[in-house]
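Computed from a prediction, not measured in an experiment: that's the story for all the values here. Just the heavy atoms: all of them, side chains too, but no hydrogens, waters or symmetry mates, feed the values below.
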Amino acid sequence: MNNFQREYSISNAHVGRDFEQIAFNYFNSHNIILNKSVSIPVGINKVKKHHIFDLGNATDFPKLIIECKSHKWTSSGNVPSAKLTVWNEAMYYFFLAPMEYRKIFFILKDYCKKRSETLGEYYIRTYRHMIPEDVEIMEYDSETELVRQLNI
């Protein structure tokens, strides 16, 4: 088994796609119509380049973009620092996205007994300075199938 592959999964790509589908279904059940792989122009200045967000709606109001991450703590309860770098990259793309978009970071709830917090709570506590003010972080509990909005 690959040390970096999720246990009991075909591949990490499958895990990501499956989690995107969970998010898609969640929002659909709340009458929020989304498209997969939504491309919008982002950039710091006048020069823009298209970036593909996992889910979103770039045509209807309110416009919406969603990034989905199903990362977990390491098996020993350590911080998955490389994965949190990916979360920081997502925050940067949210920061670069046009202001008229609602921005949601949809993450998997993964609780660490050793640290007494979820990965999402840890991220907010340690990387709050990287999270744009207009980003909502929603944490999906795979056991209860409930979603809670985390306070930033």
Side-chain angles (χ1 to χ4, degrees), residues 4-6 9 11-44 48-74 77-112 114-152:
F4 300 104
Q5 186 167 307
R6 182 82 49 92
S9 68
S11 72
N12 287 340
H14 280 85
V15 171
R17 280 194 298 275
D18 291 347
F19 190 67
E20 284 178 25
Q21 189 62 48
I22 288 169
F24 185 87
N25 294 342
Y26 169 79
F27 287 101
N28 191 46
S29 72
H30 288 81
N31 298 317
I32 299 174
I33 306 304
L34 299 172
N35 298 302
K36 296 180 181 182
S37 301
V38 173
S39 179
I40 64 167
V42 299
I44 295 172
K48 307 289 182 202
K49 184 175 180 180
H50 276 260
H51 175 75
I52 298 173
F53 290 88
D54 294 330
L55 303 170
N57 188 326
T59 55
D60 296 335
F61 183 80
K63 293 180 176 184
L64 172 66
I65 48 177
I66 301 170
E67 278 295 305
C68 304
K69 301 294 179 207
S70 63
H71 296 137
K72 294 185 169 197
W73 294 99
T74 67
N78 292 326
V79 176
S81 54
K83 291 179 172 67
L84 295 188
T85 299
V86 173
W87 290 26
N88 286 338
E89 180 185 46
M91 293 303 145
Y92 186 59
Y93 279 111
F94 280 137
F95 178 74
L96 296 175
M99 290 177 55
E100 69 262 21
Y101 282 84
R102 180 179 176 196
K103 301 160 186 167
I104 297 174
F105 194 52
F106 193 87
I107 59 173
L108 178 67
K109 177 182 178 181
D110 191 43
Y111 185 78
C112 179
K114 172 180 164 182
R115 297 173 180 275
S116 299
E117 65 186 341
T118 68
L119 189 57
E121 291 166 339
Y122 172 84
Y123 181 74
I124 291 169
R125 182 171 58 79
T126 57
Y127 290 95
R128 179 176 277 128
H129 63 289
M130 299 290 292
I131 304 169
E133 291 179 4
D134 59 347
V135 171
E136 302 169 46
I137 299 180
M138 295 182 169
E139 189 176 65
Y140 173 78
D141 187 328
S142 60
E143 292 178 13
T144 64
E145 298 184 350
L146 296 175
V147 173
R148 74 173 175 138
Q149 187 150 344
L150 300 181
N151 295 322
I152 299 175

#### Entry: Nearest-0.5 Å distance, OG1 of residue Thr118 to CG of residue Asp110
8.5 Å
### Task
Under the side-chain contact (heavy atoms from CB on, under 4.5 Å) rule, what do Ile131 and Ile124 come out as? Steps first, then yes or no, please.
CA-CA 8 Å; Ile131 304 169; Ile124 291 169; 4.0 Å; yes
### Query
Tell me, do Tyr140 and Ile107 make a side-chain contact under 4.5 Å, heavy atoms counted?
no
### Query
Is any side-chain heavy atom of Leu34 closer than 4.5 Å to a side-chain heavy atom of Ile66?
yes
### Query
Shortest non-hydrogen contact from Ser39 to His50?
OG-ND1, 2.8 Å
### Message
With a 6.0 Å cut-off on the ring centroids, do Trp73 and Tyr111 count as close?
### Response
no
Going by atom type alone, with no hydrogens or angles, which donor-acceptor pairs under 3.5 Å involve a side-chain atom of residues 144-152 and a protein atom two or more places apart or on another chain?
from: Thr144; atom 1: OG1; to: Leu146; atom 2: N; distance (Å): 3.3
from: Arg148; atom 1: NE; to: Glu139; atom 2: OE1; distance (Å): 2.9
from: Arg148; atom 1: NH2; to: Glu121; atom 2: OE2; distance (Å): 2.6
from: Arg148; atom 1: NH2; to: Glu139; atom 2: OE1; distance (Å): 2.9

For residues 87-98, please give each side-chain donor-acceptor pair under 3.5 Å, one per line with the distance, not counting sequence neighbours.
from: Trp87; atom 1: NE1; to: His71; atom 2: ND1; distance (Å): 2.7
from: Asn88; atom 1: OD1; to: Tyr123; atom 2: OH; distance (Å): 2.6

### Message
Does Lys114 have more than 12 heavy atoms from other residues, nucleotides or ligands lying within 6.0 Å of its NZ?
### Response
yes
### Message
Checking His30 now: which residues fulfil ring pair (Phe, Tyr, Trp, His ring centres under 6.0 Å) with it, not counting sequence neighbours?
### Response
Tyr26
### Query
Heavy atoms, side chains only, cut-off 4.5 Å: are Lys48 and Val42 in contact?
no
### Exceeds 12 heavy-atom contacts within 6.0 angstrom, atom CD of Glu100
yes
### Query
Roughly how far, to the nearest 0.5 Å, is CG of Leu64 from CZ of Arg102?
6.0 Å
Return a table of donor-acceptor pairs under 3.5 angstrom between the side chains of residues 54-62 and protein atoms on other chains or two or more places apart.
from: Asp54; atom 1: OD2; to: Cys68; atom 2: N; distance (Å): 2.7
from: Asn57; atom 1: OD1; to: Thr59; atom 2: N; distance (Å): 3.0
from: Asn57; atom 1: OD1; to: Thr59; atom 2: OG1; distance (Å): 3.3
from: Asn57; atom 1: OD1; to: Asp60; atom 2: N; distance (Å): 2.9
from: Asn57; atom 1: ND2; to: Ile33; atom 2: O; distance (Å): 3.2
from: Asn57; atom 1: ND2; to: Asp60; atom 2: OD2; distance (Å): 3.2

### Query
So does Glu20 pair up with Lys36, basic N to acidic O under 4.0 Å?
no
### Query
To the nearest 0.5 Å, how far apart are OH in Tyr122 and SG in Cys112?
10.5 Å
### Query
How far does CG of Leu108 sit from NZ of Lys72, to the nearest 0.5 angstrom?
6.0 Å
### Query
So which heavy atom on Ser70 is nearest to which on Val15, and how close?
OG-CG1, 3.4 Å
### Task
List for me each residue that meets salt bridge (Lys or Arg N to Asp or Glu O under 4.0 Å) alongside Arg125, sequence neighbours excluded, and say none if there are none.
Glu117
### Summary
In terms of heavy-atom contacts, His129 and Thr126 come closest through CE1-O, 3.5 Å
### Query
How many angstroms lie between atom CD1 of Ile40 and atom CD1 of Ile65, to the nearest 0.5 angstrom?
4.0 Å
### Query
Could you go step by step and tell me if Phe27 and Phe106 meet the ring-ring contact (aromatic ring centres under 6.0 Å, His included) rule?
CA-CA 11 Å; Phe27 287 101; Phe106 193 87; 5.7 Å; yes
#### Entry: Euclidean distance, Ile137 CD1 relative to Lys103 NZ, rounded to 0.5 Å
13.5 Å
### Task
List in chain and number order the residues that pass side-chain hydrogen bond (donor to acceptor under 3.5 Å, both in side chains) with Ser142, two or more places apart in sequence or in another chain; answer none if no residue qualifies.
none
